[in-house]
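Down below is the structure, laid out as structure tokens.
One-based numbering, in listed order, for ligands and for the atoms of each. Here the structure is a predicted model, which is why all the values come from computation and not from measurement.
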Amino acid sequence: MKGIRLCGSGAAVPRLRVSNDDLSARVETSDEWIRTRTGIAARRVADESESLTSLAAAAGQQALQNAGWDASSVDLILLATSSPDDLFGSAPKVQALIGAGSAVAFDLTAACSGFLFSLVTAAQYLRTGAMTRALVIGADQLSRWVDWDDRRSCVLFGDGAGAVAIEACPAENDGLLGFRLNSDGARGDCLTLAQTSERAELLPGMSHQRGGYAPIGMNGQEVYKFAVREVPAILKQLLADTNTEAASIDWLLLHQANQRILDAAAERLGIAADKVLSNLANYGNTSAATIPLMLHEAVSDGRIQSGQLIASSGFGAGLSWGAALLRWDGPTS
Ligand code: ACO
């Protein structure tokens, strides 16, 4: 079996920044409430000139550039998203925009766990030797599914995209040291973006369901409890699986949902606060985009260095959660 090298990262966020103060002009909330409960200060919202596809393509293109790859060398594009521009899939449009004509491209939906699930999925194609280079993109435009009059949820979410370029390498250089993935549909009702049940007449006496989704539904406290219980647990299991001491982790890279979740997970794992990556303040929860967006930021500003160990966990609707132990490599010079 081959190894996986993490070679390049990229990110793209919408221009429009909506601060907590801006939001308090629409719903009864305050900057103080939002910052204290979540760590979020602002989020980005796509404007008319931007789309899920354009953000994903921009992030993907930057990851290719940073990896030093030609688009034509990519074999696979996996787009993790729960908010495609087209329900038939947005990945092929991203493929065309990037000019990766040889790549097969498809969407993968696993809500906020989507990027992590996609990274692990793409890695399997590379491990077996079936493919050599993959671009894994996490992108979401949840602003179109948020109920902007529901203060309990609208303050949390934002739009964005991030991407990572990975390629097959000799097993001894493997940068995906271990992973675990979980789903529990029985607990999924606490976080939904579900079809509406509206029906329309098909023919006299016959009806069909009219397509359409209700805004995001969320029981915040249930989601919070789920995250602070499962994220440290899965990471502890992963560290045990891979014989890794928590002290040897350079960075904790979690799905950016809430600063209190990040802090609680780090504390339970015994990982120092200065190793916890967070950009919640600027972007809020961008769903499938949070992990690669954060990764790209920390690689770009030099925090994450080649050879460093990253413990990552994605978690969210489904319910779904997963963890991966990664070693960042970067482009070969
Ligand atoms: N501004 C002001 N007051 C608010 C707001 C707001 N934006 N939202 C809720 N409140 C009020 C509530 O109405 C309630 O008032 P009441 O007591 O008069 O009824 C009070 O604040 C407390 O509400 P709680 O829901 O108990 O607040 P809590 O401390 O649980 O914080 C929060 C809510 C921030 C949503 C928290 O539960 C949380 O972060 N949960 C995780 C949810 C999450 O991360 N979802 C993201 C998607 S899933 C994922 O990515 C994992």
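Aromatic ring centroids of Trp321 and Phe226 lie under 6.0 Å apart.
Other residues, nucleotides and ligands contribute only 12 or fewer heavy atoms inside 6.0 Å of the NZ atom of Lys2.
For Arg15 and Asp47, the salt-bridge test passes: some basic side-chain N is under 4.0 Å from an acidic carboxylate O. Classification of Glu230 and Arg187 as a salt-bridged pair holds, one side-chain N sitting under 4.0 Å from a carboxylate O. A salt bridge links Arg127 with Asp174: the distance from a Lys NZ or Arg NE/NH1/NH2 to an Asp or Glu carboxylate oxygen falls below 4.0 Å.
Contacts of ligand 1 (protein heavy-atom distance under 4.0 Å) are Glu28, Thr29, Trp33, Arg37, Thr38, Cys112, Arg151, Arg152, Val155, Leu156, Phe157, Leu191, Met218, Gly220, Gln221, Val223, Tyr224, His255, Ala257, Asn258, Arg260, Asn285, Phe315, Gly316.
Shown here for Leu309 and Asp250, the closest heavy-atom pair between the two residues is N-OD2, 2.8 Å.
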